[in-house]
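Notes follow once the structure below has been shown.
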Amino acid sequence: MTWTIAVGVKQVPDADEVGIDPDTGRLDRASAPAVMNGPDRHALEAALTIRDQVGGEVIAMTMGPPNATSVLEEAVAMGSDDAVLISDRAFAGSDTWPTSLTLARAAEALEADVVVCGEETTDSSTGQVPPGIAAHNGWAQLTYAEAVDARPEEGRLAARRDVEGGYELVAAELPVVVAVAFGEFDPRPAPLHRKIYGENDFEPTVWDAEALGIEDEVGLDVSPTSVGRMETVDPVERKGEVVDEVDGLLEPIAEVRA
Amino acid sequence: MSDDAVDVGEYEDVWVFVEEHGGEVMPVSWELLAEAAKLTETTGDDLVALAIGEGLETVADEALARGADRVLVADDPVFEPYRADPYGEQFRAMVEERKPSIVLIGGTHTGRDFAGRVAVPAHAGLTADVTELDVDDEGILQARRPAFGGDVLATILCEEHRPQMATIRPGVFEAAAPDPERVADGDVVSVDVVVDEADAISEVLEREVGDTADITEAERIVAVGRGVEGDLEPARRLAEALDAELAASRAAVDEGWVDGARQVGQTGKTVRPDLYVAVGISGAIQHVEGMNKSGTVVAINDDPNAPIFEHADYGIVGDLFEVCPALADRLEGEPIQEVTG
Ligand SMILES: Cc1cc2nc3c(=O)[nH]c(=O)nc-3n(C[C@H](O)[C@H](O)[C@H](O)COP(=O)(O)OP(=O)(O)OC[C@H]3O[C@@H](n4cnc5c(N)ncnc54)[C@H](O)[C@@H]3O)c2cc1C
Ligand SMILES: Nc1ncnc2c1ncn2[C@@H]1O[C@H](COP(=O)(O)O)[C@@H](O)[C@H]1O
């Protein structure tokens, strides 16, 4: 028995390249290059690790605009067997409820045994999508996973989960959604021939909302949350004094302790 | 208005989830109870605590002492240790039956793990990583959270769906002291347990809970980063000389050098000590978000361009393996005089 392992990867603005708009003095995210969400590289590595353990197929999936294809090419370069772009104007304004519904339906359509996600995205940083996928499908979930142990003979996947102040080992029945703890699973480098294949020859499967039968269940209208005000936060003022000797720290420390 | 929108008028009360593991309550639960009391003052709702686990009598009484008007208790062996599926199912059943207007959950790994299993089937609004809370005249929760790397505070609203759920970052609110006299006035309601072990789709094979230190109340903190390269000795000694708690960046936690309970930052704790000493920490935005409410910040780093210096009041550019012992020597050599009068 082999497993179908779907991986959720998202395209986000490169956090390290977000510049300051010279006119407004604000962060200019629109001009930042789009890259794969960092934590999703760890998710991909975890998916490839599971494939190494049981055999099967890794399929990357992204919900995003057509140019999000580039993160799928990257996933294919890293070792994904195939990839799906889920793209539709109807998705605009989706919060995590319809986003996780969309990915849940895609995982069903792929007949996934395991869905692997990153811990959070760096642009929306909710971490809600993986449990959301599991909840929409009524599947098991293993979040904050630090290590995975496929147990095909039991029809289960076990994971070591990071819990506050310790860890736990939990086995879950398939199908299961895994969210990988950021920083675990060092991503393997993409071999050159896969990079070339990904960029030049590979074409993802493309699905729209109708293909998944969810055209009336996505977008702004079904999203329970909306963004109200946005306030810029004034940076905390710090003295920024550099002292040459540790003695220069004694007085400020004494003041704090007084 | 969407099809699934609900009659918001049917929903009332503010719920706070009391997270406990084996009888030990996560401090964020009491922080939320104190903050939620401010919301109910505005809305006139009842403040309801909710506990799921096994053997919850003491926890329930403490929730009353800490400000709850009522405690809903789902007490059953199926809930110990924690698993997402039974917890989510039970919580969801309670939400759908009792219709709370607002539900607050600590943004711990556990809270973030199951919150979606309630919000998704209930089609509730769920806001993650909230650091400020308020409620308007119409009972709409104003859940504020940092966005765009902390440069913006976004207010997330849930106008047409109920309940309005949020997970809240640990350490941002102050817990209130328990008042034992409140216990007698409150109600403890035992609710029907709707889940059965036979339906569970996950099994906890091992569980090891080590350090559950609460660094959020510390007055002084020495925090280590990847720069310490696994050697905590210099920072430990400095912490002792300062009578400070040890904390860490996520990198140091991921390396396994320091327990996760001591992680500071966006996915860790928010701390606000009088003194924060960052040792071998670069100052990534996700880290700074958890410590920029500190009083005096001192940075020790050998890279003069490390961003941490922009977030510090005093910095020393140097090798931490030399600076920490030297500073500890000076602090130990000259006991700091308490200022009196
Ligand atoms: C979704 C997400 C959530 C995150 N949440 C958090 C969070 O909650 N908390 C958090 O901390 N991070 C978080 N991070 C990670 C964060 O982006 C950084 O990667 C992390 O904070 C870096 O940790 P560090 O400063 O210890 O390590 P590095 O960035 O590797 O910095 C090490 C520093 O040590 C200095 N150094 C090295 N040797 C010495 C020496 N001998 N003497 C003095 N200085 C030395 C170096 O100059 C360097 O500045 C998150 C990231 C993501 C994507
Ligand atoms: N649009 C998307 N397409 C594919 N995967 C996603 C998408 N949004 C979120 N995910 C997955 O869910 C994880 C958590 O995202 P979030 O809940 O947005 O913080 C990410 O690391 C991805 O693995």
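This is a predicted model, so every value here is computed, not measured. Letters go in sequence order (proteins before strands), and every chain restarts at 1.
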Checklist line | Heavy-atom proximity to chain A below 4.5 Å, by part of B:R262 | finding: neither

Margin query: Can you tell me how far apart OG (B:S202) and CZ (A:R161) are? Round to the nearest 0.5 Å.
Written below: 9.0 Å

Notebook entry, point to check: Does any heavy atom of chain B fall under 4.5 Å from the side chain of A:V227, the backbone, both, or neither of them?
Noted result: both

Item checked: Proximal component of B:R83, with respect to chain A [non-hydrogen, under 4.5 Å] -> neither

Margin query: Does any backbone or side-chain atom of B:V298 lie under 4.5 Å from a heavy atom of chain A? Answer side chain, backbone, both or neither.
Written below: side chain

Margin query: Given heavy-atom pairs under 4.5 angstrom as the criterion, report whether the side chain, backbone, both or neither of B:A119 touches chain A.
Written below: backbone

Checklist line | Engaged part of B:A312 at the chain A interface, taking heavy atoms whose separation is under 4.5 Å | finding: backbone

Note to self: With a 4.0 Å cut-off on N to O distance, would you call A:R156 and B:E203 a salt bridge?
What the structure shows: yes

Checklist line | Interchain contact, B:D85 with chain A, by part (heavy-atom threshold 4.5 Å) | finding: neither

Notebook entry, point to check: Where does A:Y144 contact chain B at under 4.5 Å (heavy atoms): side chain, backbone, both or neither?
Noted result: side chain

Item checked: Residues A:E231 and B:R144 bridged, charged N to O under 4.0 Å -> yes

Next item on the list: Return the minimal non-hydrogen interatomic distance between A:Q141 and B:A84, and the atom names on each side.
Entry: NE2-CB, 3.5 Å

Item checked: side chain to side chain contact (heavy atoms under 4.5 Å, CB included) assessment of B:R330 paired with A:D247 -> CA-CA 8 Å; B:R330 295 292 278 131; A:D247 281 6; 2.5 Å; yes

Margin query: Just so I know, are the side chains of B:H109 and A:V163 near enough to count as touching, which here means a heavy-atom distance under 4.5 Å?
Written below: no

Next item on the list: Might you point out which heavy atoms bring A:A134 and B:R117 nearest each other, and give the distance in Å?
Entry: CB-NH1, 3.5 Å

Note to self: side chain to side chain contact (heavy atoms under 4.5 Å, CB included), that's the test. Do A:V242 and B:V317 meet it? Break it down for me.
What the structure shows: CA-CA 8 Å; A:V242 173; B:V317 180; 4.2 Å; yes

Margin query: I want to check something: taking the side chain as every heavy atom from C-beta on, are A:V246 and B:I316 in contact at a cut-off of under 4.5 Å?
Written below: yes

Margin query: To check you understand the geometry: which heavy-atom pair defines the closest contact between A:S125 and B:Q266, and what is its length?
Written below: CB-NE2, 3.6 Å

Notebook entry, point to check: If you round to the nearest 0.5 Å, how far is CG of A:D162 from OG1 of B:T267?
Noted result: 10.0 Å

Checklist line | Under 3.5 Å: donor-acceptor pair, side chain of B:H123, backbone of A:V222 | finding: yes

Note to self: Would you say that more than 12 heavy atoms from the other residues, nucleotides or ligands in this model lie under 6.0 Å from the CD of A:E154, or not?
What the structure shows: yes

Item checked: Segment of A:E184 engaging chain B (4.5 angstrom heavy-atom cut-off) -> side chain

Check: Highest number of heavy-atom pairs under 4.5 Å with chain A: which of B:I156, B:L275, B:L126, B:V209?
Finding: B:L126

Checklist line | For chain B, the option from A:P235, A:G166, A:A179, A:G248 that forms the most heavy-atom pairs under 4.5 Å | finding: A:G166

Checklist line | Heavy-atom contact with chain A under 4.5 Å, split by part of B:A299 | finding: neither

Next item on the list: Give the member of B:I300, B:D254, B:D259 that has the highest number of heavy-atom pairs under 4.5 Å with chain A.
Entry: B:D254

Checklist line | Top contributor to chain B contacts, counting heavy-atom pairs under 4.5 Å, from A:A172, A:A158, A:G240 | finding: A:G240

Check: Going by heavy atoms in the side chains, are A:T126 and B:R145 under 4.5 Å from each other?
Finding: yes

Margin query: Under a 4.0 Å threshold between the charged nitrogen and the carboxylate oxygen, would B:R112 count as salt-bridged to A:E120?
Written below: yes

Note to self: For the NE2 atom of B:H21 and the CD atom of A:E168, what is their distance to the nearest 0.5 Å?
What the structure shows: 8.5 Å

Note to self: Between B:A124 and chain A, with a heavy-atom cut-off of 4.5 Å, which part of the residue counts as in contact: side chain, backbone, both or neither?
What the structure shows: backbone

Notebook entry, point to check: Heavy-atom distance under 4.5 Å between the side chains of A:V236 and B:H311, does that happen here?
Noted result: no

Notebook entry, point to check: A:G132, A:P224, A:G228: which one forms the most heavy-atom pairs within less than 4.5 Å of chain B?
Noted result: A:P224

Notebook entry, point to check: Would B:R250 and A:E119 count as a salt bridge (charged side-chain N to carboxylate O under 4.0 Å, His left out) if you check the C-alpha gap in whole Å, the side-chain angles of each, and the deciding distance to 0.1 Å?
Noted result: CA-CA 13 Å; B:R250 173 140 186 180; A:E119 179 179 319; 2.8 Å; yes

Next item on the list: Kindly check if the number of other-residue, nucleotide or ligand heavy atoms within 6.0 Å of CD (A:E245) is above 12?
Entry: no

Next item on the list: Check whether more than 12 heavy atoms from other residues, nucleotides or ligands sit under 6.0 Å from atom CD of A:E153, and answer yes or no.
Entry: yes

Next item on the list: Quick one: closest heavy-atom pair of A:G138 and B:I201, and the distance?
Entry: O-CD1, 4.0 Å

Next item on the list: Consider only side-chain N and O atoms of B:E206 and A:Y167, and report whether a donor and an acceptor are under 3.5 Å apart.
Entry: yes

Check: Taking all non-hydrogen atoms of both residues, which atom of B:V152 and which atom of A:M230 are closest, and how far apart?
Finding: CG1-SD, 3.7 Å

Next item on the list: For residues A:L169 and B:V204, determine if any side-chain heavy atom of one lies less than 4.5 Å from a side-chain heavy atom of the other.
Entry: no

Next item on the list: Evaluate the criterion side chain to side chain contact (heavy atoms under 4.5 Å, CB included) for residue pair B:D274 and A:R257; output intermediate values, then yes/no.
Entry: CA-CA 8 Å; B:D274 300 330; A:R257 303 233 292 190; over 6 Å; no

Note to self: For a 4.5 angstrom cut-off between non-hydrogen side-chain atoms, does B:E159 reach A:S226?
What the structure shows: yes

Note to self: Rounded to the nearest 0.5 Å, what separates atom CG in B:L157 from atom OG1 in A:T225?
What the structure shows: 9.0 Å

Next item on the list: Output the distance between atom CD1 (B:I285) and atom OG1 (A:T122), rounded to the nearest 0.5 Å.
Entry: 13.0 Å

Next item on the list: Check each atom of A:S124 against the heavy atoms of chain B and say whether the ones under 4.5 Å are side chain, backbone, both or neither.
Entry: backbone

Next item on the list: Check whether the side chains of B:Q142 and A:R229 place a donor and an acceptor atom closer than 3.5 Å, and report yes or no.
Entry: no

Next item on the list: Evaluate the criterion side chain to side chain contact (heavy atoms under 4.5 Å, CB included) for residue pair A:H136 and B:V120; output intermediate values, then yes/no.
Entry: CA-CA 7 Å; A:H136 276 294; B:V120 160; 3.5 Å; yes

Check: Rounded to the nearest 0.5 Å, how far apart are CD of A:Q128 and CG of B:D129?
Finding: 10.0 Å

Checklist line | Residue, of B:A251, B:C158, B:G116, that accumulates the most heavy atom pairs under 4.5 Å with chain A | finding: B:C158

